[in-house]
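Sequence lines set the chain letters: A, B, ... in the order given, protein chains first and strands last, and positions in each chain run from 1.
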Amino acid sequence: MNKALRNPLVYILFVLPAFILFIAFFIYPILTAVNNSLTSWNGISKTMSYIGMDNYATAVQDKIFWKSARNNVYFILFSCLVQVPAIVFFSLLIANVRKLKNLYKTAVFLPSIMSTAVIGILWGFIYNPDFGLMNEFLGLFGIQPIYWLSDRNWAMIAILITNAWQWTGFYIVMVLAAILSIPRELDEAAAIDGASGIQRAFKITLPLIMPIISVVVMLSIAGAMKAADIVLVMTKGGPAGSTDVMATYMIRYAITSFKHGFGNAIAVLIFVFTMVITVLYQFLIVRRTERIEY
Amino acid sequence: MKKSLVLLISLIFVAASLLAACGTGGNASKPGNDGQQTAGNGEGNGKTNNEPFEITIRHTQVGESKKFRLGLLEDVVKKTEAAVPGLKIKLDGVDGEVNRKERLRGEMAAGKPPEVFDVMGSPDAELYAKEGLMLDLTPILDELGLTDKFTTLVPFTHGGKIYGIPIGGSIEGYFYNKEYFEQKGYQIPKTLTELEALAEKIKAEGKFPFAQASKDAWIPLMTTNNLWSYYAGPEITYGFKTGESKWTDENIVKAVAKHQEWVQKGYFKKGELGFEYADMRNQVITGEAIMMMDGSWANSVFRDPEQAGNMVGKIGFFNMPPVHAGDPVVVMQDANNGYGFSSAVAKDSRKLQAVKEFIRHMWTEEMQLRGLKEDGVLPAMKMDLNQMKTVSDDPLMQDIFKATSEIGTSFPAFDALVQAEVNTSLSTGIQQVISGEIDPAKMLANLQAVQDAANQAAQ
């Protein structure tokens, strides 16, 4: 047994299946996308001509592309500044309830197992300007009907709310698991020392769950950069492209226009942007977070 | 030692199984779904091959509004299966936009479209045909004596060869609430000025003159396309691709400005940029809006009690009137949607036979008239107007026949005449114009830049 494990060949054999899958489904598609991005391929033709960096130049010179990228930034900001605090808040609440904890956990998790198409349609009703729940509620305060999905000033925020609603429960369950894994003695000791509930939450619980919050932020950033389905279902990138994100820009201006070379260039740009942001986040935030030891 | 040997052997076995599984996956798919591989089976020895085989028909007859068309297709499928021994036809229904912009393109890119598929003639079929992915139907249509039977095959004809067959024709015009018109004593407008005056009156009465849903840009573009064909002439659209005409033409600017003016005057319900196609029809059905620009295909909705409720029989149809009284009526009349066939079919004699039988049963006078009667789809095949009139005594259909007979000049929809990227840009542009984000001249200048780039790329 020991002899076998000392043989590097055994390790290579163990790694090989995963490595083959990784190359087939990750490295190869990326390399293909990079290659295609340098061509004027129409997505159908068997031949493709190389045009250098023209597709990238077209993208970075297009104002609409940057408008779409800005919407991805809104997704990230909304996730980090609104969604994550809400996740932590609700996780703390649920962790401290004494009755029906499982019911709450299931209830908040439910939206994340629903398909985006269903959620899009559901929230389409909620946002309906004539009979939607949102306007009915706002009407109670005398607020005039808002054209949530038709007005470019509101459409993006409407999508962000829906997207947050869909994924908040998923992250709550993750954070909740982290909270519940904190040894009870720590909390009890702080309580005996006279710490209030809020003090314990901020001084004990939050620092101890920072690693999982970092993961939540990372996942939110990655999710924000690849967002597309919720936009397509709710607004199709409209009104007038105001809710287009980079992925829907790619579909609208490249794929549906038989410009797959250009589409691949956009895909590569999304990949690069996502990588840069996550690497920056790793270096600037996560590495500074102290290692947690109970 | 023994344990390590077992461990090593197990590992090799697992890795080998995994690789073997990957290998067989590719090979296993060949006989099942690659028509070329089975080409000519059993034909050489002169015996009829009754072995079961399957072809897939990708159609877009999904949803309540297309149930009659689906019924018709299913009947053709049954007849085709009965005519070809061993044939099993698999129907694969997909939403029209999803099929056009995602599914079919993906399959074409992979070089494996379904044997029969719903396709737009131009620009889609042209591109697919150029790449050799579509079956040349010229000899089949000749053999079946169908070549000269169609009103037009132009959208499907590329390089002198026919690559698709239109399933039906359509015209664009206004559906209107006949009952409301009668109650108020309104007449069908004879000029655009009269149409605007009518809209003003309807608006004053607290109704929306026009139903419009602009979440999908092709819907408002029906109005814009008809407007610019009046202001600038229908022939102008043919010149964009060749560079002979420009989107910045002052008459096109006028037409788009007219559309924007209607929006600003409140002729359409506020929030139209968030409304789906079905919402537009519902506005007419509920009586919220009085007129609606749509394709003649929409008649099936207004003739179906399940969809239109008590509005059945109360909806009429008229063409968009000309700018000046007495000018010829110019209307979008198209036959750009139909069926295409995979070029791979040519390599399999049984599938080719199935395709021939499908065409033989689908494009008959009987089926065209049935489509007209049940679903209100204007025939793609040449047919006498009086014969059409006898098929359906429905008042709405009679209105559509009348409108068809009044057409002075017809033109194909703009998206059949310009490149896909120009269509994309115009789609965003018209939504920007509707939202008031941009003025028509600026939008059209942006569009012309896209057109120039597309023309240059084509060269």
Side-chain angles (χ1 to χ4, degrees), chain A residues 1-7 9-10 12-18 20-21 24 40-47 51 58 63-64 121 124 127-130 145-155 158 234-242 244 251-260 262, chain B residues 1-8 11-12 14-15 17-19 22 97 100-102 105-106 108-109 111 123-124 127-128 130-133 214-217 269-276 279 288 419-425 427-438 450 453-454 457:
Chain A
M1 179 72 186
N2 287 342
K3 260 189 187 174
L5 288 179
R6 260 185 255 132
N7 185 356
L9 192 68
V10 175
I12 291 171
L13 281 172
F14 269 116
V15 169
L16 205 60
I20 289 169
L21 292 174
S40 59
W41 188 43
N42 63 10
I44 309 293
S45 178
K46 288 178 187 71
T47 56
I51 55 167
T58 309
K63 280 182 197 165
I64 305 171
I121 292 166
Y127 288 133
N128 188 291
D130 295 332
I146 293 172
Y147 291 85
W148 291 98
L149 301 176
S150 320
D151 187 333
R152 60 202 154 101
N153 297 318
W154 290 103
M234 295 192 74
T235 61
K236 296 184 181 171
S242 61
D244 262 330
I251 294 167
R252 189 200 289 256
Y253 290 94
I255 308 301
T256 58
S257 301
F258 294 106
K259 289 157 80 176
H260 278 242
F262 183 52
Chain B
M1 183 61 198
K2 223 178 187 182
K3 270 186 185 175
S4 63
L5 194 67
V6 171
L7 185 74
L8 202 65
L11 192 66
I12 291 168
V14 170
S17 305
L18 190 77
L19 291 172
C22 292
E97 281 288 287
R100 185 182 184 190
K101 295 185 173 170
E102 288 158 40
R105 284 187 193 190
M108 287 291 180
D124 303 21
L127 184 68
Y128 301 147
K130 257 187 205 167
E131 298 301 333
L133 293 160
S214 305
K215 189 170 178 178
D216 285 310
K269 186 176 177 180
K270 199 178 169 191
E272 60 170 290
L273 286 167
F275 297 152
E276 301 273 4
D279 297 330
E288 197 179 10
Q419 297 91 331
E421 56 265 51
V422 176
N423 184 11
T424 304
S425 183
S427 297
T428 308
I430 195 65
Q431 290 183 328
Q432 288 175 319
V433 166
I434 290 169
S435 72
E437 186 184 334
I438 196 170
V450 174

Against chain A, work out which of [options] has the most heavy-atom pairs shorter than 4.5 Å and name it.
{"options": "B:Arg100, B:Gln432, B:Glu272", "value": "B:Gln432"}
{"options": "B:Glu131, B:Glu276, B:Arg105", "value": "B:Arg105"}
{"options": "B:Thr424, B:Ile434, B:Val433, B:Ile438", "value": "B:Thr424"}

Part of [X] within contact of chain A (heavy atom distance under 4.5 Å):
{"X": "B:Lys130", "result": "neither"}
{"X": "B:Glu102", "result": "neither"}
{"X": "B:Leu133", "result": "side chain"}

What heavy-atom pair brings [X] and [Y] nearest, and what distance separates the two atoms?
{"X": "A:Ser150", "Y": "B:Gly271", "answer": "OG-O, 2.8 Å"}
{"X": "B:Ala420", "Y": "A:Phe258", "answer": "CB-CD1, 4.0 Å"}
{"X": "A:Ala240", "Y": "B:Glu437", "answer": "CB-OE1, 3.8 Å"}

Between [atom1] of [X] and [atom2] of [Y], what distance do you get to the nearest 0.5 Å?
{"X": "A:Asn42", "Y": "B:Met108", "atom1": "CG", "atom2": "CE", "answer": "12.0 Å"}
{"X": "B:Leu273", "Y": "A:Asp151", "atom1": "CG", "atom2": "CG", "answer": "9.5 Å"}
{"X": "A:Asn128", "Y": "B:Asp279", "atom1": "CG", "atom2": "CG", "answer": "7.5 Å"}

So do the side chains of A:Lys236 and B:Asp216 get within less than 4.5 Å of each other, counting heavy atoms only?
-> yes
Mind checking whether B:Thr428 and A:Tyr253 have side chains closer than 4.5 Å, heavy atoms only?
-> yes
What pairs with B:Lys269 under salt bridge (Lys or Arg N to Asp or Glu O under 4.0 Å), at least two apart in sequence or on another chain?
-> A:Asp130, B:Glu288
Between A:Gly238, A:Gly237, A:Gly43, A:Ala254, the one whose heavy-atom pairs under 4.5 Å with chain B are most numerous | A:Gly43
From the list A:Gly241, A:Ser45, A:Pro145, A:Pro239, the residue making the most non-hydrogen contacts under 4.5 Å with chain B is A:Ser45
Output all residues satisfying side chain to side chain contact (heavy atoms under 4.5 Å, CB included) with A:Ile51, sequence neighbours left out; order by chain, then residue number.
-> A:Ser40, A:Asp54, A:Asn55
Are the side chain of B:Lys101 and the backbone of A:Ser257 linked by a donor-acceptor contact shorter than 3.5 Å?
-> no
The interface call for A:Arg252 against chain B, heavy-atom contacts under 4.5 Å, is both
